[in-house]
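Note that the coordinates shown come from a computational prediction; the quantities given were computed from them, not determined experimentally.
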Amino acid sequence: MKLSIAIGVAAVLGAGVASAQAPAGYKVVKDVALGAPERWDYVVYDAPSHRVYVAHSDRISVVDAQDGKLIGDVTGVANTHGVGISNGKGYTDDGKAGAVIVFDPKTLKVLKRIPGKEDADGITVDPASGHVFVVNGDSKSVTVVDPKTDTVLATVDAGGGLEYAVPGGDGKIYVNGAEKKEIVRIDVKSNAVDAHWPIPGCTSPHGLAIDPAGHRLFVTCVNKLMTVVDTASGSVIATLPIGQGTDAAAFDPKRKRAFSSNGEGTVTVVDAKDPKAMSVTETVQTRVTGRTMGIDPESGRLFVAAAEIDPKAPVPAGPNGRPGRPAPVPGSLKLMFLDPVH
């Protein structure tokens with residue numbers, strides 16, 4: 001997941017540096033300190049183990065999703081982004097080294113390093129085959145790993161820069177084509193791209209979530225839009241406003257809600273019960289930098305990683321003349337637990 005989304009000074013001051021409040025719909029129930037370093041990426045919930053994995057620069061912080069206890073860290077990685085669990089093993093990446101890293105979820109020890117591609121980033125797992133799909137953003141490809149042998153089955157050429165992927169449970173993997181404003185669909189059996197679906201109104205699609213039963217993808221875009229795509233036809237069926245600095249999306253299958261976590265310090269909540277009448281129902285205040293998120297689909301609990309920002313620290317220059325990412329307070333990274341009130 002790219003970490004270059006600009007968050008301006010106004011957003012920092014407007015959302016509040018250390019705010020951990022939520023409107024009536026969601027309540028902050030825990031705040032788990034993760035500490036340094038302050039570069040982090042995907043937040044991944046694993047239902048069977050009730051654990052949350054937070055990719056955390058040179059480690060993966062592992063948190064009990066029920067009581068908030070910090071279980072430990074997977075170390076021995078240099079530049080981790082994504083996390084996936086398959087065949088009793090964990091998988092992450094080293095983006096700079098272009099490697100897929102296998103670890104033991106019980107001991108949190110690294111087991112093996114598998115050669116991959118540069119800018120290895122997001123990871124997802126196909127539930128039927130157990131195959132691990134590693135998104136190589138700048139390499140414009142997806143590495144497919146067999147968890148039984150921990151070998152590379154295929155490297156799928158996607159034809160453009162990528163961001164994140166989700167399994168459809170239908171023999172397909174859906175990938176955000178960030179460079180070309182599209183959804184790239186991969187067939188699991190052939191390990192080949194079988195569709196490119198344009199989403200022209202979505203600038204740099206980042207977050208991606210799926211409603212398998214409703215056949216919908218929820219794509220969050222850096223131009224402050226959520227684009228909803230029909231997985232049966234590939235057509236765009238809705239667009240909705242979200243906050244600034246999105247980097248993750250989630251879907252709650254029991255309550256039929258879609259979410260965008262936004263670096264400005266909010267989570268946008270969308271009522272997705274009716275595909276013809278979806279709407280934003282609330283904006284939950286989190287913390288500035290709270291751009292990545294996971295969800296427990298059973299309880300509806302959201303997990304948002306965010307650090308505190310020093311309002312006195314200068315904001316560095318970013319790309320294209322935009323403000324860069326404000327510097328976090330050292331050691332301030334936390335994982336917020338937000339529960340639905342209703």
A.B. asks: Flag the pair Y45 / Y53 as yes when their ring centroid distance falls below 6.0 Å, and as no otherwise.
C.D. replies: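 Centroid distance Y45-Y53: not below 6.0 Å, so no.
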A.B. asks: Which pairs, with at least one residue in residues 62-121 and sequence neighbours excluded, count as a disulfide bond (SG atoms under 2.5 Å apart)?
C.D. replies: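 Sorted result for residues 62-121: empty, none.
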A.B. asks: Please table the atom pairs, donor to acceptor, closer than 3.5 Å between any side-chain atom in residues 65-74 and protein atoms at least two apart or in another chain.
C.D. replies:
| unit_1 | atom_1 | unit_2 | atom_2 | d |
| --- | --- | --- | --- | --- |
| D67 | OD1 | K69 | N | 2.8 |
| D73 | OD1 | S61 | OG | 2.9 |

A.B. asks: Determine, stepwise, if the pair N176 / I183 fulfils side-chain contact (heavy atoms from CB on, under 4.5 Å).
C.D. replies: CA-CA 5 Å; N176 271 342; I183 293 295; 3.4 Å; yes
A.B. asks: Taking salt bridge (charged side-chain N to carboxylate O under 4.0 Å, His left out) as the definition, give me every residue that meets it alongside D339, ordered by chain and number, with sequence neighbours left out.
C.D. replies: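 Partners of D339 under the salt bridge (charged side-chain N to carboxylate O under 4.0 Å, His left out) test: R301.
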A.B. asks: Which residues pass the salt bridge (charged side-chain N to carboxylate O under 4.0 Å, His left out) test with E179, not counting sequence neighbours?
C.D. replies: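 Here the qualifying residues are K140.
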A.B. asks: Quick one: which of I237, V236, I242 gives a side chain to side chain contact (heavy atoms under 4.5 Å, CB included) with T239?
C.D. replies: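 Going through I237, V236, I242 one by one, the side chain to side chain contact (heavy atoms under 4.5 Å, CB included) with T239 is satisfied by V236 alone.
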A.B. asks: Could I get the full list of salt bridge (charged side-chain N to carboxylate O under 4.0 Å, His left out) partners for R216, not counting sequence neighbours?
C.D. replies: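 With sequence neighbours excluded, R216 shows a salt bridge (charged side-chain N to carboxylate O under 4.0 Å, His left out) to D211, given in chain and number order.
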A.B. asks: Which pairs, with at least one residue in residues 94-150 and sequence neighbours excluded, count as a disulfide bond (SG atoms under 2.5 Å apart)?
C.D. replies: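 Qualifying pairs: none.
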A.B. asks: Partners of S260 by side chain to side chain donor-acceptor pair (under 3.5 Å), sequence neighbours excluded?
C.D. replies: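 Testing S260 for side chain to side chain donor-acceptor pair (under 3.5 Å), a comparison that skips the adjacent residues, returns T246, N262.
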A.B. asks: Applying side-chain contact (heavy atoms from CB on, under 4.5 Å), name anything that partners S139, two or more places apart in sequence or on another chain.
C.D. replies: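 So S139 forms a side-chain contact (heavy atoms from CB on, under 4.5 Å) with K117, E118, N136, S141.
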A.B. asks: Any carboxylate oxygen within less than 4.0 angstrom of a Lys/Arg side-chain nitrogen, looking at D194 and K172?
C.D. replies: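 Salt bridge present between D194 and K172.
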A.B. asks: Quick one: list whatever passes ring-ring contact (aromatic ring centres under 6.0 Å, His included) with F251, sequence neighbours left out.
C.D. replies: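 F218.
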A.B. asks: Validate the cation-pi geometry between R291 and W40: distance from NZ or CZ to the six-membered ring centre under 6.0 Å, angle to the ring axis within 45°.
C.D. replies: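 Judged by the rule, R291 and W40 form a cation-pi pair.
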A.B. asks: Using the test side-chain contact (heavy atoms from CB on, under 4.5 Å), find all partners of N191 that sit at least two apart in sequence or belong to another chain.
C.D. replies: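 Testing N191 for side-chain contact (heavy atoms from CB on, under 4.5 Å), a comparison that skips the adjacent residues, returns F133, V144, L153, A154, V156.
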A.B. asks: Keeping to residues at least two apart or across chains, list the disulfide bond (SG atoms under 2.5 Å apart) pairs with something in residues 118-219.
C.D. replies: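 Only C202-C221 qualify under disulfide bond (SG atoms under 2.5 Å apart).
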A.B. asks: Taking the basic N atoms (NZ, or NE/NH1/NH2) and the acidic carboxylate oxygens, is any pair closer than 4.0 Å for D150 and K89?
C.D. replies: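 A salt bridge links D150 with K89.
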A.B. asks: Using atom types as modelled and distance alone, determine if a side-chain donor or acceptor of E264 lies under 3.5 Å from a backbone N or O of Q244.
C.D. replies: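 A pair under 3.5 Å: yes.
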A.B. asks: Pairs in or reaching into residues 70-99: which pass disulfide bond (SG atoms under 2.5 Å apart), with residues at least two apart or in two chains?
C.D. replies: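 Every pair satisfying disulfide bond (SG atoms under 2.5 Å apart) with a residue in residues 70-99: there are none.
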A.B. asks: Count the heavy atoms of every other residue, nucleotide or ligand shown that sit under 6.0 Å from NZ of K112, and state whether that count exceeds 12.
C.D. replies: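 Count over threshold, so yes.
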A.B. asks: Does one hydrophobic cluster hold both M226 and V229, with members joined at side-chain heavy-atom distances below 4.5 Å?
C.D. replies: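 M226 does not cluster with V229.
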